[in-house]
Amino acid sequence: MTDANTETTEIRTVSNFLRDQIAEDVRTKKFGDAVVQTRFPPEPNGYLHIGHAKAICLDFGLADEFGGKTNLRFDDTNPEKEEQEYVDSIQEDVRWLGFEWDKVCYASDYFDQLYEWAIQLIKAGKAYVDDLSADEIRQYRGTLTEPGKNSPYRDRTVEENLDLFTRMKDGEFPDGSRVLRAKIDMASPNLNMRDPVMYRILHASHHRTGDKWCIYPMYDYAHGQSDSIEHVTHSMCTLEFADHQPIYRWYIDQLGIFPSQQIEFDRLNLTYTLLSKRRLLQLVQEKHVSGWDDPRMPTLSGIRRRGFTPGALRALCASIGATRTNGSTDIEMLEHFQRDDLNKKARRAMAVLRPLKIVIDNYPEGQVEFVDVQNNPEDPAAGTRQVPFSRELYIEQDDFREVPPPKYYRLSAGKEVRLRAAYFVTAQSVVKDADGNVVEVHCTYDPASRGGNSPDGRKVKSTMHWVSAQHAVSAEVRVYDKLFSKPNPNDFPEGGSFLDNLNPNSLEVIADAKLEPSLAEAKLGAPYQFERVGYFCLDRDTTAEKLVFNRTLALKDTWAKIEKTASGGGAAR
RNA sequence: UGGGCGAUCGUCUAAUGGUAGGACAGUGCCCUUUGGAGGCACUUGUCUAGGUUCGAAUCCUAGUCGCCCAGCCA
């Protein structure tokens with residue numbers, strides 16, 4: 001873990017079967033004196049998302065626990081989909097999460113070795129060149145319930161296979177005309193063992209090897225051997241690869257190379273969240289979001305821009321652990337760890353999203369005083385700041401009701417409340433517009449209550465945030481909600497699409513929020529808590545003329561819950 | 001209907017033959033210069049049916065339900 005990303009958040013780690021397995025292997029010296037070696041093997045064909053964060057935490061975290069090492073390996077065996085842009089973003093994301101790899105590796109680093117091993121397998125009579133078309137191969141493969149049948153080219157001589165494979169490599173044949181296959185068992189109940197394709201012809205330029213190759217190894221032929229070359233002891237991957245373990249082992253056994261061990265765990269699923277590269281890509285391409293780093297996206301770049309933190313992600317991953325059961329983690333769990341992390345670190349500030357002007361009639365016109373406010377009550381070391389107070393202020397529209405509903409503690413006609421760190425004020429009268437909306441509230445203040453306490457000891461039910469009107473800085477604030485309105489975005493009726501589950505209110509732009517002056521100095525990447533409102537961060541769209549903030553997460557809102565229950569909306573979920 | 005994997009509070013997850021525990025969510029109370037944070041309490045669970053055992057979430061048998069696999073993708 002890098003020092004720069006060391007978090008204060010205490011991470012509670014749950015025991016899991018992967019950790020147990022590694023501990024057992026270390027104890028029994030399954031790999032001799034070799035150190036625990038893992039790898040995180042993304043294909044550089046897209047952006048990393050929260051699901052990858054789990055794999056990263058497991059791959060790097062577990063190796064770290066056992067004093068081992070982790071390689072970042074790009075599984076770049078399909079030149080048609082892969083790009084340098086993605087390898088760059090993946091490295092940035094892994095580092096952001098707080099991990100540092102031992103080595104950066106590429107499956108393409110091993111293309112020569114893989115080729116030699118293919119020759120070796122051909123010579124051993126374990127691989128052959130097949131002239132069947134893709135369609136024919138599919139037909140010969142059989143089905144889930146019926147065995148496949150042998151290709152007519154299966155029994156070519158070693159010499160012929162060697163000749164053909166060499167010429168495949170030399171570019172003599174067009175794409176799709178031939179493949180190299182492992183000779184295993186066309187009747188195997190495991191489809192992956194029915195003579196899997198090892199190499200296909202692809203006259204495509206590779207982002208690293210350029211035009212050196214026109215044949216490329218398949219995942220199954222490359223992955224285990226890449227692990228083996230790197231002496232990976234524990235190769236952790238998701239459950240859908242369990243059926244590939246026999247082929248993973250077969251190549252290693254036939255080649256007699258370092259016996260890396262594959263172990264599968266469950267993929268992360270989150271409610272209200274889609275973690276499928278294909279669909280995420282569709283959201284970007286069809287412009288349902290602004291891009292891969294749209295703050296509503298579950299990509300690491302998206303949630304980073306949104307203001308989520310590595311500490312929260314790591315705490316979540318530690319808490320959910322790893323099992324072999326497939327379920328769906330409640331998004332509330334992520335939000336909990338996120339609030340927990342931010343609560344300890346975020347500097348507080350006062351900001352009014354939907355301003356309502358209040359005028360303190362008995363406060364001297366033109367007077368300005370500065371009140372001392374704590375920067376973070378959770379962390380006294382964060383110190384205090386001076387916030388200007390004056391006769392005209394903004395408060396949140398939600399914080400005033402002419403006629404208060406039951407249990408409403410905030411400002412209402414005749415009611416006294418505290419303005420945070422400033423004074424007690426009492427609402428006296430309202431000014432309304434032609435439509436009858438309250439546009440201004442006139443109050444009186446108690447000059448003896450400076451700092452927020454009355455010498456006579458009287459209490460108020462509510463403390464509210466505020467911003468001095470003449471000192472306020474304006475900002476655009478982007479308020480995000482869930483991208484999807486269903487717990488399972490893939491739950492849609494026939495004929496429908498996951499797009500039908502898009503939440504139409506996932507983004508609300510507040511054009512002119514009023515912030516306390518100190519926020520003009522907000523820094524990119526720093527978390528802020530707008531008191532009583534939520535956690536926010538500066539967005540990179542900010543310019544010299546305009547501040548733009550993203551709402552990372554709202555604060556828990558007990559009043560909203562009370563109100564919802566009272567309005568007959570029932571309990572909040 | 002072939003093969004593989006799995007099933008514990010609403011959700012996630014511990015318990016490795018010996019008191020079913022934690023976290024999230026929910027509810028109530030306390031506290032609070034954020035209706036935030038914090039504290040306390042409460043509620044809810046071993047898929048089913050048999051069996052082994054002094055004792056079973058754990059082992060055995062049979063069922064049920066769920067997920068994955070028929071790319072020259074990874």
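Residue numbers start from 1 in every chain, and the chains themselves are labelled A, B, ... in the order their sequence lines are given, proteins ahead of strands. For clarity, every value in this text was computed on a predicted model and none was experimentally measured.
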Problem set entry | Secondary-structure stems, RNA chain B, at least 3 Watson-Crick or G-U base pairs under 3.5 Å | B:2-7 with B:64-69, B:10-13 with B:21-24, B:26-30 with B:38-42, B:47-51 with B:59-63
Exercise. Under the salt bridge (charged side-chain N to carboxylate O under 4.0 Å, His left out) test, which residues partner A:R385, sequence neighbours left out?
Worked result: A:E516
Problem set entry | Contact under 4.0 Å: A:R532 side-chain N or O vs B:G35 OP1/OP2 | yes
For this session: Return the value, rounded to whole Å, for the distance between atom CZ of A:F241 and atom P of B:G3.
Result: 23 Å
For this session: Map A:S462 and A:H223 onto RNA chain B by nearest heavy atom, then report which one ends up closer to the 5' terminus.
Result: A:S462
Exercise. With sequence neighbours left out, which residue pairs that include part of residues 130-154 of chain A fulfil the ring-ring contact (aromatic ring centres under 6.0 Å, His included) condition?
Worked result: none
Exercise. Using atom P of each nucleotide, how far apart are B:A57 and B:A20 to the nearest Å?
Worked result: 8 Å
Exercise. Is any side-chain N or O of A:K556 closer than 4.0 Å to OP1 or OP2 of B:A25?
Worked result: yes
Problem set entry | Interatomic distance at C1', B:G38 relative to B:G6, whole Å | 39 Å
Exercise. Taking the same atom, C1', in B:G71 and in B:G10, what whole-Å distance lies between them?
Worked result: 39 Å
For this session: Give a yes/no answer on whether the side chain of A:R324 brings an N or O atom under 4.0 Å of OP1 or OP2 in B:G6.
Result: yes
For this session: Pick the P atom in B:G39 and in B:U46, then give their distance to the nearest Å.
Result: 30 Å
Seminar exercise, completed: Picking from B:G35, B:G4, B:U34, the nucleotide nearest the side-chain atoms of A:W559 would be B:G35
Exercise. A:I331 CD1 to B:C24 P: how many Å, rounded?
Worked result: 16 Å
Exercise. Nearest to the side chain of A:L191, which nucleotide is it out of B:A70, B:G35, B:A74?
Worked result: B:A70
Exercise. Is there a donor-acceptor pair under 3.5 Å between the side chain of A:S177 and the backbone N or O of A:F173?
Worked result: no
Problem set entry | Span that lies between the C1' atom of B:C5 and that of B:U19, in whole angstrom | 32 Å
Exercise. Rounding to the closest angstrom, what is the interatomic distance between B:U53 and B:G17 at atom C1'?
Worked result: 9 Å
Exercise. Hey, is the side chain of A:K461 poking within less than 4.0 Å of OP1 or OP2 on B:U32, counting only N and O atoms?
Worked result: no
For this session: Sequence neighbours left out, what passes ring pair (Phe, Tyr, Trp, His ring centres under 6.0 Å) with A:F308? Give chain and number order.
Result: none
For this session: Rounded to whole angstrom, note down the P distance from B:A62 over to B:A25.
Result: 43 Å
For this session: Grab the CG-P distance between A:D341 and B:A37 for me, whole Å please.
Result: 15 Å
Exercise. How would you list, by chain and number, every residue that makes a side chain to side chain contact (heavy atoms under 4.5 Å, CB included) with A:P147, sequence neighbours excluded?
Worked result: A:A187
For this session: Measure up the A:F111 and A:W213 rings against each other and bin them: parallel (under 30°), tilted (30 to 60°), perpendicular (over 60°).
Result: perpendicular
Exercise. Side-chain donor or acceptor of A:E378 under 3.5 Å from a matching atom on the base of B:G36?
Worked result: yes
For this session: Between B:A74 and B:A14, how far apart are the C1' atoms? Round to whole Å, please.
Result: 33 Å
For this session: Tell me, please, which residues at least two apart from A:H465 pass ring pair (Phe, Tyr, Trp, His ring centres under 6.0 Å).
Result: none
Exercise. Can you list the steps and then say if A:K30 with A:E24 is a salt bridge (charged side-chain N to carboxylate O under 4.0 Å, His left out)?
Worked result: CA-CA 8 Å; A:K30 175 172 176 179; A:E24 171 73 1; over 6 Å; no
Exercise. When you check every protein heavy atom under 4.0 Å of nucleotides 9-14 of chain B, what one-letter string (B, S, -) results, 5' to 3'?
Worked result: --SSSS
Between the protein and nucleotides 71-73 of chain B, list every N/O to N/O distance that falls short of 3.5 Å.
{"from": "B:G71", "atom 1": "OP2", "to": "A:R138", "atom 2": "NE", "distance (Å)": "3.3"}
{"from": "B:G71", "atom 1": "OP2", "to": "A:R141", "atom 2": "NH2", "distance (Å)": "3.2"}
{"from": "B:C72", "atom 1": "OP1", "to": "A:R141", "atom 2": "NH2", "distance (Å)": "3.3"}
{"from": "B:C72", "atom 1": "OP2", "to": "A:R141", "atom 2": "NH1", "distance (Å)": "3.2"}
{"from": "B:C72", "atom 1": "N3", "to": "A:G176", "atom 2": "O", "distance (Å)": "3.3"}
{"from": "B:C72", "atom 1": "N4", "to": "A:L132", "atom 2": "O", "distance (Å)": "3.0"}
{"from": "B:C72", "atom 1": "N4", "to": "A:A134", "atom 2": "N", "distance (Å)": "3.1"}
{"from": "B:C72", "atom 1": "N4", "to": "A:G176", "atom 2": "O", "distance (Å)": "3.0"}
{"from": "B:C73", "atom 1": "OP2", "to": "A:R200", "atom 2": "NE", "distance (Å)": "3.0"}
{"from": "B:C73", "atom 1": "OP2", "to": "A:R200", "atom 2": "NH2", "distance (Å)": "3.0"}
{"from": "B:C73", "atom 1": "O3'", "to": "A:R200", "atom 2": "NH2", "distance (Å)": "3.2"}
{"from": "B:C73", "atom 1": "O2'", "to": "A:N78", "atom 2": "ND2", "distance (Å)": "2.8"}

For this session: With sequence neighbours left out, write down each residue that passes side chain to side chain contact (heavy atoms under 4.5 Å, CB included) with A:L281, or none if nothing qualifies.
Result: A:Q285, A:W292
Problem set entry | Under 4.0 angstrom between A:T558 side-chain N/O and B:G36 OP1 or OP2 | yes
Exercise. Should the pair A:R141-A:D195 be classified as a salt bridge under the 4.0 Å nitrogen-to-oxygen rule?
Worked result: no
For this session: Please list, chain by chain and in numerical order, all residues satisfying ring pair (Phe, Tyr, Trp, His ring centres under 6.0 Å) with A:Y128, sequence neighbours excluded.
Result: none
Problem set entry | Given RNA chain B, 5'-ward residue of the pair A:L239 and A:S449, judged by closest heavy atom | A:L239
For this session: Report the nucleotide, chosen from B:G35, B:C68, B:G38, that has the shortest atom-to-atom distance to any side-chain atom of A:D243.
Result: B:C68
For this session: Would you please name every residue forming a ring pair (Phe, Tyr, Trp, His ring centres under 6.0 Å) with A:F165, sequence neighbours left out?
Result: A:Y115, A:Y199
Exercise. Excluding sequence neighbours, so at least two apart, what forms side chain to side chain contact (heavy atoms under 4.5 Å, CB included) with A:S276?
Worked result: A:R278, A:R279
Exercise. Rounded to whole angstrom units, what separation is found between the CD atom of A:E240 and the P atom of B:C69?
Worked result: 8 Å
For this session: Figure out the CZ/P separation between A:R410 and B:G35, and round it to whole Å.
Result: 7 Å
Exercise. Reckon A:P41 touches a base, only the sugar-phosphate, or nothing at all at heavy-atom distances under 4.0 Å?
Worked result: nothing
